[in-house]
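Quantities reported herein were computed from a predicted structural model and do not represent experimental measurements. Lettering follows sequence order; numbering is per chain, from 1. Hydrogens, waters and symmetry mates are skipped; everything else that's a heavy atom, side chains included, is used.
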Amino acid sequence: MKSNKNGLLIDYEYCTGCFACTVACCQEHGWEAPLSGIKVMEIVQDLPKDKAYLTFLPFPTELCVLCAKRTIKGLDPTCVKHCMANCLSYGNLKELAKELEKKPRMVLWSPR
Amino acid sequence: MGKSKTNIVKTTTWSAGPGCHGGCGVLAHIKDNKLIKIEGDPDHPWNQGRLCARALAMTQYIDHHDRLKSPLKRVGKRGEDQFEEISWDEAFDIIEEKMKTIRDDFGPESMIFSMGTGRDIGPWICMLAYAYGSPNVMFALSGNACYSPRIAALDTVQGDYCVFDAAQWLPGRYDHPEYKVPECMIIWGYNIAATCPDNLFGHWIIDLMKKGTKIITIDPRLSFFASRSKHWLQIRPGTDAALALGFLHVIIKEELYDQNFLETFTDAPRLVRNDTGKLLRESDVVKEGSRENFVVFDNPKKAIIIWNTQKQEYSISDSNPAFTGTFEIQLLNGNTIACTTVWDKFKKNCAFYTPQKVEEITLVLAPDIEKAARFYAKAKPASIHWGVPIDMTPEITPLCHAIAALWALTGNLDVPGGNVFTRSAFNAVAYALPGAEGVIKLKDQAQDKTRIGKDEYGPFNKFIWRCQTDKVIEQIFSEKPYPVKGLWMQTCNPLSGIGLDPKLWQKALEKLDFIVGVDLFMTPSLRYADIILSAATFLEKDGVRSWWVPLQTINKALTVDGCRPDVEINFELSKRFDPDFKWETIHDLFDEILEPSGMNFEKLSKKGWALPPENHASRPYFRHEKGLLRSDGKPGFTTPSGKFELYATLREDWGLEAMPYFKEPPFTPISRPDLFKDYPLILGTGRRSPAFFHSEHRNIPWLRTLDPDPVVEIHPETARKNKISNGEWVIVENWMGKARFKAKVTKIVPPWMVMAAHGWWFPEEKDDPLFHTFESNINMLIPMNEQGKDGLGTPMKHLLCRIKKEVLGVKNNEI
């Protein structure tokens, strides 16, 4: 099976911006700072009545290989394994797309 | 040579390395005595395979080129970059000789033993201080304002500390049949990203939210929780006690409290004298009556009856104490005085804090206060998680008292999913923490006589076995009542992190005769040490962790040449200072600490961790009902009355207010309008970064890149007014001093406040021996000596300041 059929499902309702994914990736793949296969964006959304909403969004970069060496052994990618909020899932894109329907505030990434 | 194998060592995080309060199970992959990789242990009940950024960066930490790998001796002046390597034997010999001279000439109390935040240093630093003979163990933060004030406050009013219940005591965690997911959680001044405060795993709260827990957030900043709350109360910093009293006001007025808990487990019927405002005691009304026994009024009998605290019962069996009313009581001296019940007094106390009044004080809108209070009170179960900002205000004890009354009166104390009592698993206690005596203790009470601050402050004589930090600094300069001559400074960096008013700390360090520093990297504070010892990370040591649950061992996974674990360093010196030192090896000591569990180090390390069994005093629930808290086996609490005290007997004994109240902190727009004119912004500090533990980790590349600069958060409107753009360097200043930060223009903070990051120094700036530690150090703006009347708390979260764009070419340090 080709890796591009798989992807990462992010439940950004629960991402706390702890960066465990970013550093786990550096360790697994030996990236030197500031390189990493996954970054976390902080988004302060503007809402009506001068309100705001804080969201963190993990984003797999051009360096993400979905931990091919781990997944071939049946392990989750290291970012998924270590996510403190358990808000990352790995799997087949079609299967993950079904999960998207189950709750709001999710995004499905298909890295390069 | 054949290929060497990778060995996986299971161990527990604590302290040096991730820096935190620990508890996570990890798998350390070791090859040829090198850490290849570290992962979360999927079988561990605490973190269940998860792991934070700081622990995941351990490979960069262990082999870091700047790690101290030999003891050092200072050969230049204090604060300079002049050290030479010496052997461990030589270092120990010099320390032994110098410290024995101080002990002979000035007494053992003239040495202070200082630590940073409470980690796997506490027991070993106490061991060394006590073996040397000094009671002066110091947690170096002003007002001792981290955790122990909250613990002492709860010990005062409810006898035991408590935390939110995430099923951490139960096998199988959330799936255990006894457990209930809280319907509501109040997150009071806590941000999750940096994860793990006070011996809890922060992301347990995320687990609970996914299971349906609704959140009330009390925070001036738009935190992760604030965005996801049913109610977000954006409070003015420092006014938390008013908000808690406002909640109590609503709950009492609308009768949302648990009547059964109130009548059975609180001191509500005790009588208070209207003439003195103090408790009516048996000794006031009965000849040879005890001062420890209290008086209630029995309505049907129209007579007083006595609550016998020793027996935990009333003087008559068919008692029917009045919870409300004012009664004429005849004293022994023949005078008649009016007395009122504690409950009436408490209600009256809360009546003042109407939602409208609380809105005026806190800036939280009255309807929001009412809605949140109702939601919390009606949710079953509900819990409260409070962060360290609770400690960081001078009137910390009255604040804690008010919050404790919330979980008690709503019937959420020691119930599944509520706030549950915490004792060290199996009662295996390493060292004296508030409320618990450990294996490591002072030889006798006489040794404690000279502890600084002990006689001045009640809680320091009852629950807190450290010296009072502000008083220590004062005494270093005054030399009264005795001179302070030496400092043992272990994983503690007052010039960059824990020391408020760091220039004052610098002067104090300059004045001392002898300083030993123990750390893993060179720090600005270590530049003042005479001898530096190179310490080890958690992966390089054996240890035990007995803080709440589970009971765990730390298992040595590798060694780094030239580095020694704190426990081994302190053990070696303890033997040298104390001819009667009790233990032969550190494992003898570990075994004694673990003894109440029925396991020794070897057995527990094979098992990994252990949870206390059912019906053990260190396992929930309903222990006050089952009689598991008190040594006499009676129901109730370990307070002076045996009840949850709405009126704190100990506070009365200490000459302090016995009921919760709000007092405006010392440096706010309200208390200091004169300063507010020049410094029109509220200054907060201490928001956590997931990349760093306080002043640590600035030198770890994977972590530094996540949070590269000292940042001050400024609201867009405030930035515009001050002509500051995002990313520009700004000066934050007040009457104490100034520091430079990079502007982060963001709606995370309200327009009336800025939040400056703490703990900043620049380990990469080696041109300055002090690594520019005073340049972006927010503590330059925060005074010492503002602790509360009980010696606890400090106004760190609510100062005043102004901001301006930095003028290029003018170095902050020179101004």
Side-chain angles (χ1 to χ4, degrees), chain A residues 11-47 49-58 67 69-70 74-88 102-106, chain B residues 24 35-40 42 47-60 191-196 201-207 209-210 221-228 232 688-691 700-708 715-717 744-751:
Chain A
D11 182 348
Y12 62 80
E13 181 173 359
Y14 292 112
C15 176
T16 62
C18 78
F19 295 108
C21 54
T22 307
V23 180
C25 182
C26 291
Q27 180 187 227
E28 187 74 25
H29 299 283
W31 297 121
E32 281 186 23
L35 305 183
S36 179
I38 189 161
K39 299 257 167 174
V40 181
M41 294 179 281
E42 180 186 287
I43 301 163
V44 181
Q45 305 176 43
D46 286 300
L47 300 181
K49 296 183 189 165
D50 210 24
K51 297 233 163 34
Y53 190 100
L54 176 63
T55 303
F56 295 99
L57 185 60
C67 283
K69 282 184 187 162
R70 287 178 62 95
L75 299 170
D76 270 331
T78 190
C79 58
V80 174
K81 177 193 162 23
H82 286 108
C83 175
M84 297 285 276
N86 281 328
C87 69
L88 271 58
K102 292 184 186 165
K103 83 173 273 302
R105 299 194 181 96
M106 305 224 276
Chain B
C24 285
L35 178 70
I36 304 300
K37 189 183 348 188
I38 186 165
E39 294 191 297
N47 52 316
Q48 298 153 319
R50 298 174 267 188
L51 206 58
C52 74
R54 294 186 307 274
L56 286 164
M58 278 306 293
T59 53
Q60 287 200 332
N191 188 21
I192 193 155
T195 68
C196 302
F201 185 80
H203 281 76
W204 289 341
I205 304 172
I206 306 296
D207 299 348
M209 286 167 77
K210 288 183 184 173
R221 286 174 80 239
L222 178 78
S223 66
F224 167 90
F225 290 119
S227 281
R228 286 150 189 79
W232 171 31
R688 297 301 191 247
S689 165
I700 307 298
W702 286 338
L703 299 175
R704 181 69 177 273
T705 194
L706 302 173
D707 196 356
H715 189 275
E717 193 183 299
K744 178 177 175 177
V745 177
T746 173
K747 284 189 176 170
I748 283 175
V749 283

Contacts of A/C15 that satisfy side-chain contact (heavy atoms from CB on, under 4.5 Å) - sequence neighbours left out
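A/V40, A/F56, A/P58, A/C87.
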
Options [options], ranked by heavy-atom pairs under 4.5 Å with chain A, top entry:
| options | value |
| --- | --- |
| B/P42, B/A691, B/G40 | B/G40 |
| B/L51, B/L703, B/T746 | B/L51 |
| B/E39, B/Q48, B/R704 | B/E39 |
| B/A226, B/G49, B/P701 | B/G49 |
| B/T705, B/L222, B/T59 | B/L222 |
| B/M209, B/K210, B/K37 | B/K210 |

Please flag which part of [X] lies under 4.5 Å from any non-hydrogen atom of chain B: side chain, backbone, both or neither.
| X | answer |
| --- | --- |
| A/C83 | backbone |
| A/E32 | backbone |
| A/D46 | side chain |

Can you check whether A/V44 reaches A/Y53 side chain to side chain, under 4.5 Å on heavy atoms?
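No, too far: nothing below the 4.5 Å cut-off.
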
Salt bridge or not between [X] and [Y]? Use side-chain N to carboxylate O under 4.0 Å.
| X | Y | value |
| --- | --- | --- |
| B/D207 | B/R50 | yes |
| A/E28 | A/K69 | no |
| A/K103 | A/D11 | yes |

Go through the atoms of B/M58 and report whether side chain, backbone, both or neither lie under 4.5 Å from a heavy atom of chain A.
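No part of it gets close to chain A.
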
Segment of B/S689 engaging chain A (4.5 angstrom heavy-atom cut-off)
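It is neither, since no heavy atom gets under 4.5 Å.
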
Got a sec, which pairs hit salt bridge (Lys or Arg N to Asp or Glu O under 4.0 Å) with one end in residues 79-88 of chain A, sequence neighbours left out?
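Matches after skipping sequence neighbours: none remain.
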
Could you state the interatomic distance from OG (A/S36) to NZ (A/K39), rounded to the nearest 0.5 Å?
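One finds 6.0 Å between OG of A/S36 and NZ of A/K39.
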
